[in-house]
Amino acid sequence: MALTYREAVKSDADLLMDIYNSSFYDDYVRYGECPGYGKTKSQMEASILRFPKHIIMKDGIPVGVVSLENRGNGQYFLGCLCIIPTYQGLGIGTKAFRYMLSICPDWEKITLVTPSDKEQNIKFYTKKCGFSIAGKEMDGNVEVTKFTMER
């Protein structure tokens, strides 16, 4: 499986909206809200500028996105690691996470959140990526689990 990555630019907004909407539709239906679903084009364009995004390509086909916010001093927040459902379970997310680490050589601490009832996500981040659970909190009407990984 050949994976490549490219940094998203403003003109990728429609493509990113399609990937996000496909990836997060089930969460939107399940919770009635999802920050990754239903963004307008202008919201996505602003997000591209604020949080650099890398489009994940499998054999030249866009299949996902990884987005990381640099909070300074080696601190990063993993805002999004999403794979279109038909491409999940193929190891793409794990490879994308490793790629993300390679483009942030100064990382000291990475944090993220995911809904607490998404057992597959929790298993992925703890078993495949090496994160530790740092607690839980409410985000709107959704309980989320907080993760951290430190060098």
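Position 1 is the first residue of the sequence, and the numbers go up from there. Just so you know, these numbers come straight off a predicted model, no measurement behind them.
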Flag yes if more than 12 heavy atoms outside [X] fall under 6.0 Å of its [atom1] atom; otherwise flag no.
{"X": "Asn73", "atom1": "CG", "result": "no"}
{"X": "Arg50", "atom1": "CZ", "result": "no"}
{"X": "Tyr87", "atom1": "OH", "result": "no"}

- Taking atom types as modelled, is there a side-chain donor on Ser116 or Thr145 under 3.5 Å from an acceptor on the other? yes
- Query: Going by distance alone, is a donor N or O of one side chain under 3.5 Å from an acceptor N or O of the other, for Asp117 and Tyr31?
  - Reply: yes
For the residue pair [X] and [Y], establish whether any side-chain heavy-atom pair is separated by less than 4.5 Å.
{"X": "Ile103", "Y": "Tyr5", "answer": "no"}
{"X": "Ile110", "Y": "Phe147", "answer": "no"}
{"X": "Tyr99", "Y": "His54", "answer": "yes"}
{"X": "Tyr76", "Y": "Met100", "answer": "no"}
{"X": "Phe97", "Y": "Leu81", "answer": "yes"}
{"X": "Met149", "Y": "Leu101", "answer": "yes"}

Can you name the closest pair of heavy atoms from [X] and [Y] and give their distance?
{"X": "Asn21", "Y": "Gly38", "result": "OD1-N, 2.8 Å"}
{"X": "Leu78", "Y": "Ser67", "result": "CD1-O, 3.5 Å"}
{"X": "Ile48", "Y": "Val9", "result": "CD1-O, 3.5 Å"}
{"X": "Glu33", "Y": "Val142", "result": "CG-CG2, 4.3 Å"}
{"X": "Lys109", "Y": "Thr111", "result": "CE-CG2, 3.8 Å"}

- Task: Evaluate the side-chain contact (heavy atoms from CB on, under 4.5 Å) criterion for residues Lys146 and Thr148: first the C-alpha distance (whole Å), next the side-chain angles of each, then the deciding distance (0.1 Å), finally the verdict.
- Result: CA-CA 7 Å; Lys146 301 185 297 182; Thr148 187; over 6 Å; no
- Task: Dump the intermediate steps for side-chain contact (heavy atoms from CB on, under 4.5 Å) on Tyr20 and Cys80, then the final yes or no.
- Result: CA-CA 9 Å; Tyr20 275 53; Cys80 181; 3.7 Å; yes
- Passes side-chain contact (heavy atoms from CB on, under 4.5 Å), Asp14 versus Lys41? Steps please. CA-CA 7 Å; Asp14 288 328; Lys41 187 171 185 171; 3.4 Å; yes
- Message: Are Leu68 and Ile19 connected into the same hydrophobic cluster when the rule is that any two of I, L, V, M, F, W, Y join if their side-chain heavy atoms are below 4.5 Å apart?
- Response: yes
- On the 0 to 90° scale, with breaks at 30° and 60°, tag the Phe131-Tyr125 ring pair as parallel, tilted or perpendicular. perpendicular
- Query: Does the pair Lys53/Asp12 count as a salt bridge with the N-to-O cut at 4.0 Å?
  - Reply: no
